[in-house]
Amino acid sequence: MLMNTKILVVEDEKDISSLISYNLSKEGFEVSVSSDGEDALRIIRKEKFSLIILDLMLPGIQGMELCKTLKSSEETSLIPIIMLTAKSDELDKVLGLEMGADDYITKPFSPRELIARVRAVLRRTQEKPAAEKILKIGDLEINSDTYQVSKRGLPVKLSATGFKLLLYLVRKKGRVFDREMLLNAVWKNEAYVEPRTVDVHIRRLREQIEDDHSHPLYIKTRRGIGYYVDGEL
Ligand code: CA
């Protein structure tokens with residue numbers, strides 16, 4: 001799996017990008033480094049990467065803007081992005097509608113945490129679901145081959161994690177899952193994900209697929225337990 005797994009690190013602080021690049025290379029990943037947003041965009045449009053590690057604070061195009069650009073462009077929207085943030089309270093913004101990153105790492109971080117996160121995100125996004133290709137539920141159509149979702153024929157752009165989460169809940173519709181179960185299923189026992197991350201992703205999913213996200217039709221809440229997709233849909 002590690003063969004030809006190319007990772008781009010976008011970070012202007014040399015000692016941090018060297019630390020990341022050293023540790024990823026040691027694990028067998030092929031690593032490219034870029035120190036500013038514009039340069040990164042140019043590289044990403046030329047080469048294929050399996051993952052991007054993107055710092056929030058960059059000269060030129062900011063990390064936030066770059067993340068949004070990548071997630072809203074068809075060719076790059078499925079490349080998983082791990083954001084480096086200085087403060088954990090930026091979490092909502094980073095994983096939310098505004099940016100749509102797949103995960104985040106708060107500085108300072110240990111090489112062990114970095115590697116664990118990278119592996120978990122790659123595992124999550126590279127796994128190909130085996131079952132039916134197109135699932136229809138209400139006005140939604142979910143294609144598990146192309147990772148595309150449409151609603152009433154119009155494309156809905158989800159992050160790789162958002163897609164996984166939706167697909168999982170739809171495939172097991174009618175069953176209620178608590179946060180822990182969803183973490184195990186979608187985040188695959190990743191050591192550093194908090195249950196709150198599930199809520200952030202559910203909220204974002206609702207904002208994207210529901211007509212009225214405060215009265216969800218697709219992803220329902222079972223108070224005190226967790227989330228489910230209505231089995232009657
Ligand atoms: Ca920086």
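Counting starts at 1 for both ligands and their atoms, following the listed order. The model shown is predicted, which means the values in this text are computed figures rather than measured ones.
- Minimum heavy-atom separation, Ser35 to Asp39: N-OD2, 4.3 Å.
- Checking side-chain atoms of Thr197 against main-chain N and O of Val193 turns up no donor-acceptor pair under 3.5 Å.
- Nearest N, O or S atom of Glu13 to the Ca ion (ligand 1): atom OE2.
- The atom of Glu11 nearest to the Ca ion (ligand 1) is OE1, with the search restricted to N, O or S atoms.
- The Ca ion (ligand 1) is closest to atom OD2 of Asp55 (considering only N, O or S atoms).
- The environment of NZ in Lys136 is sparse: at most 12 heavy-atom neighbours from other residues, nucleotides or ligands sit within 6.0 Å.
- For the ring-ring contact (aromatic ring centres under 6.0 Å, His included) test, residues two or more places apart in sequence or in another chain that qualify with Phe177 are Tyr168.
- Atom OD1 is the N/O/S atom of Asp12 found closest to the Ca ion (ligand 1).
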